[in-house]
Amino acid sequence: MEAKDWILLFVPIVVNGFIIYIFQKIVSTKFERLNKKQGLRDEAILLFWRKLQNLNTVFIQANVSANESPNNLNTGLMEMRNNMLDIIEYYDTNIYDLGDFKDEYNCLNTSWNDFATVLQSFQNIAPTQQNQRTLGEKLQIVKESNLKLISSVRKRY
């Protein structure tokens, strides 16, 4: 074989190897980027789920402490408010990753706003049994909305 034949044999092999290497590098870079993006999204969803779980725990603790002493109710309400504000802030910040839960989140947010409105309207009025029942019903709706959102997050991820 002459040098020309050797060149015609090895040049296509080397060029094909180089093209395959470049293609493999491009594909692996895209997969790494997608995996990193999915990892960040998973972290955001997991933290959101933990915040919702924490709110549910605060609901339970506030209920127990209010049953022990009605004076503890204000402390429980402040913890609920702080946790709910934390969830709202986190959702608004990470709406790109949490957009799948928009309907359930809006339901929770609406029920929380209803509860806060009722609570504020009863603030300057002497507590009656009917007012307490109404407030309890509104708070129960908030808790159920939170549980639906927790369930939705858990089911999807």
Side-chain angles (χ1 to χ4, degrees), residues 15-125 127 130-157:
V15 170
N16 284 342
F18 186 68
I19 289 172
I20 290 172
Y21 172 77
I22 291 173
F23 179 72
Q24 182 247 346
K25 195 68 169 171
I26 291 170
V27 169
S28 65
T29 303
K30 287 195 181 277
F31 277 127
E32 287 174 14
R33 192 176 310 147
L34 285 173
N35 286 338
K36 187 176 181 180
K37 186 178 179 181
Q38 187 63 39
L40 291 172
R41 185 169 192 240
D42 289 346
E43 286 178 27
I45 291 171
L46 181 62
L47 185 56
F48 185 61
W49 181 75
R50 286 186 181 147
K51 288 178 182 289
L52 294 171
Q53 290 284 49
N54 190 35
L55 178 63
N56 194 51
T57 303
V58 169
F59 284 141
I60 293 168
Q61 290 171 347
N63 190 23
V64 169
S65 66
N67 285 336
E68 290 174 359
S69 172
N71 297 334
N72 295 336
L73 182 61
N74 284 338
T75 304
L77 289 173
M78 288 304 293
E79 285 183 52
M80 281 183 238
R81 180 185 155 275
N82 292 339
N83 280 313
M84 191 62 196
L85 290 176
D86 187 35
I87 289 171
I88 291 169
E89 178 183 329
Y90 189 78
Y91 182 85
D92 288 345
T93 302
N94 296 288
I95 195 163
Y96 177 76
D97 295 321
L98 302 173
D100 291 347
F101 312 109
K102 183 179 181 181
D103 294 337
E104 294 88 353
Y105 170 78
N106 286 339
C107 182
L108 174 63
N109 198 16
T110 301
S111 62
W112 175 258
N113 289 335
D114 289 345
F115 170 74
T117 302
V118 169
L119 180 63
Q120 191 173 21
S121 69
F122 292 158
Q123 203 165 22
N124 296 327
I125 300 172
Q130 178 61 32
N131 293 353
Q132 290 174 345
R133 187 178 307 118
T134 303
L135 195 59
E137 290 170 357
K138 293 292 185 181
L139 187 57
Q140 184 63 32
I141 292 170
V142 173
K143 186 176 180 191
E144 289 171 2
S145 297
N146 185 45
L147 290 175
K148 285 179 187 175
L149 184 54
I150 289 172
S151 175
S152 177
V153 172
R154 180 79 182 204
K155 282 180 187 175
R156 292 186 191 175
Y157 296 97

Would you say that [X] contacts [Y] through its side chain, given a criterion of any heavy-atom pair below 4.5 Å between the two side chains?
X      : Y      : answer
Ile141 : Phe115 : no
Glu137 : Val118 : no
Asn94  : Phe48  : no
Val153 : Tyr105 : no
Asp97  : Leu40  : no
Asn83  : Lys51  : no
Glu89  : Leu85  : no
Ile150 : Glu104 : no

Assess the residue pair Trp112 and Arg81 against the criterion (side chain to side chain contact (heavy atoms under 4.5 Å, CB included)); give the C-alpha distance rounded to whole Å, side-chain angles, the decisive distance to 0.1 Å, and a yes or no. CA-CA 9 Å; Trp112 175 258; Arg81 180 185 155 275; 4.2 Å; yes
Tell me, please, which residues at least two apart from Arg50 pass salt bridge (Lys or Arg N to Asp or Glu O under 4.0 Å). none
How long is the gap from [atom1] on [X] to [atom2] on [Y], to the nearest 0.5 Å?
X      : Y      : atom1 : atom2 : answer
Gln140 : Arg133 : CD    : CZ    : 14.5 Å
Lys138 : Thr117 : NZ    : OG1   : 9.0 Å
Ile95  : Phe101 : CD1   : CZ    : 12.5 Å
Leu34  : Thr29  : CG    : OG1   : 11.0 Å
Leu47  : Leu52  : CG    : CG    : 10.0 Å

Quick check against the 3.5 Å criterion: does [X] have a side-chain atom that pairs as donor or acceptor with the backbone of [Y]?
X      : Y      : result
Ser152 : Lys148 : no
Ser151 : Leu147 : no
Asn146 : Leu108 : no

What heavy-atom pair brings [X] and [Y] nearest, and what distance separates the two atoms?
X      : Y      : result
Glu43  : Tyr90  : O-OH, 4.3 Å
Met84  : Asn109 : CE-CA, 4.2 Å
Trp49  : Arg154 : CZ2-NH1, 3.4 Å
Asn56  : Lys143 : OD1-CE, 3.6 Å
Lys102 : Tyr91  : CA-OH, 3.3 Å

Side chain to side chain contact (heavy atoms under 4.5 Å, CB included) between Glu32 and Asn35, intermediate numbers included: CA-CA 5 Å; Glu32 287 174 14; Asn35 286 338; 5.8 Å; no
More than 12 foreign heavy atoms under 6.0 Å from CD of Gln38: is that the case here? yes
Going by the side-chain contact (heavy atoms from CB on, under 4.5 Å) test, name the single residue among Asp100, Leu98, Leu46 that passes it with Arg41. Asp100
Matching residue for Leu55 among Leu149, Asp86, Ile87 - test: side-chain contact (heavy atoms from CB on, under 4.5 Å): Ile87
